[in-house]
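Below is one structure, written out as C-alpha cells; comments come after it.
All of these numbers come straight from a predicted model, not from anything done at the bench. Naming: A, B, ... by sequence-line order, numbering from 1 per chain.
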There are 2 protein chains.
Amino acid sequence: MKNRLKILRAENDMTQAQLADETGVSRQTINAIEKGKFDPSLPLAFRFARLFKLSIEEIFQDEEA
Amino acid sequence: MKNRLKILRAENDMTQAQLADETGVSRQTINAIEKGKFDPSLPLAFRFARLFKLSIEEIFQDEEA
DNA sequence: TTAATATGTCAAGTTTTATTTACATTTTAT
DNA sequence: ATAAAATGTAAATAAAACTTGACATATTAA
C-alpha cells in the first residue's frame, strides 16, 4: 500500500512528530507507515483523511491485483 | 465505525459466505465487521470498495469526535 | 413440516499492526 | 563546526484483526 503522507506533511509543513501528535499515535508509527512497514488501522486512516481534508483513496493507494 | 455492508450485500444478492469468499476472509469475519465487533484492516476495506465499486467512505462511516 | 441455507455468537488461537524504548543517522540552524 | 531538530531503525511487547471450530437460531425451499 502506497501513501502520500510524506508529501502531505511537506505541503502542510508538519513534522512526523506533529502528525503523530495530531492523530494520536507515536512518531515511530508515522515513520513506519510512511516507509511502508505496515498499513494504518482503518480508524487511523480516517483520522489522516479528516486532518488533510482528503478521501482515504487520495492518501492511500491500493496495489492489489 | 458504522458500515453499509449488510445493505450492499442485499443490493447485490450476496450471502456473508459469498462476500467472505470474494474478499478472502472467513464468514465470521464478515459477520463480526457487519455487527461492529471490529473494523476491517485497510487492505480489506479497499477490497470491499473495489468489489462494490464504491469509495471506502461510502461503505464505512467514521464516528469519532 | 422437514431439510437446507443463512445468520449470530463464542472461545481459543494465530497473525498482523501499534506502541514503547532506545539509539543511530541526517538535516537544519546558529 | 557545533548543537538542535528531524528522521530512520530495531527489538520487545501490547493490542487488534482474523481464523477455526463449534453450536444455536432464524429464514427459505421442497
Apply side chain to side chain contact (heavy atoms under 4.5 Å, CB included) to residues A:Ile33 and A:Leu44 and explain how you reach the verdict. CA-CA 11 Å; A:Ile33 292 169; A:Leu44 180 54; 3.8 Å; yes

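- At a threshold of 4.5 Å between non-hydrogen side-chain atoms, the residues B:Phe46 and B:Thr23 do not count as touching.
- Side-chain N or O atoms of B:Asp39 include none that pairs as donor or acceptor with a backbone N or O of A:Ser41 at under 3.5 Å.
- Neither OP1 nor OP2 of D:dT7 sits under 4.0 Å from any side-chain N or O of A:Asn31.
- Side chains of B:Met14 and B:Phe52 form a contact here, defined as non-hydrogen atoms less than 4.5 Å apart.
- Two residues are said to be in side-chain contact when any heavy atoms from C-beta on lie closer than 4.5 Å; B:Leu42 and A:Phe38 fail this criterion.
- With contacts defined as side-chain heavy-atom distances shorter than 4.5 Å, the pair B:Leu8/B:Leu54 qualifies.
- Atom NZ in B:Lys6 sits roughly 8 Å away from atom P in C:dT7 (whole-Å rounding).
- Looking at residues two or more places apart in sequence or on another chain, you find a side-chain hydrogen bond (donor to acceptor under 3.5 Å, both in side chains) between B:Ser55 and B:Glu58.
- Not one N or O on the side chain of B:Gln61 forms a donor-acceptor pair closer than 3.5 Å with the backbone of B:Met1.
- The side-chain hydrogen bond (donor to acceptor under 3.5 Å, both in side chains) test applied to B:Thr29 returns B:Ser26, not counting sequence neighbours.
- Between the side chain of B:Asn31 and the main chain of B:Arg27, no donor-acceptor pair closer than 3.5 Å is present.
- Atom pair A:Lys35:NZ and D:dA6:C1' shows a separation of 13 Å (rounding to whole Å applied).
- The closest donor-acceptor contact from the side chain of B:Asn3 to the backbone of B:Leu5 lies under 3.5 Å.
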Could you run through nucleotides 15-30 of chain D and give me one letter per nucleotide, 5' to 3': B if any protein heavy atom sits under 4.0 Å from the base, S if only the sugar-phosphate is that close, - if neither? --SBBBBB--------

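- Atom CE of A:Met1 and atom P of C:dA18 are 11 Å apart (whole Å).
- For the pair B:Phe48/B:Ile56, no side-chain contact is recorded, criterion being any heavy-atom separation below 4.5 Å from C-beta on.
- When the local axes at the two ends of the helix from C:dT1-D:dA30 to C:dT30-D:dA1 are compared, using 5 base pairs at each end, they differ in direction by 50° after rounding to 10°.
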For nucleotides 28-30 of chain C, which of its nitrogen or oxygen atoms have a protein nitrogen or oxygen under 3.5 Å away, and what is each distance?
none

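- A heavy atom closer than 4.0 Å to some atom of DNA chain C occurs in B:Arg9, B:Thr15, B:Gln16, these being the qualifying members of residues 8-21 of chain B.
- Each of A:Lys6, A:Arg9, A:Arg4 was checked for a side chain to side chain donor-acceptor pair (under 3.5 Å) with A:Glu34, and the lone residue meeting it is A:Arg9.
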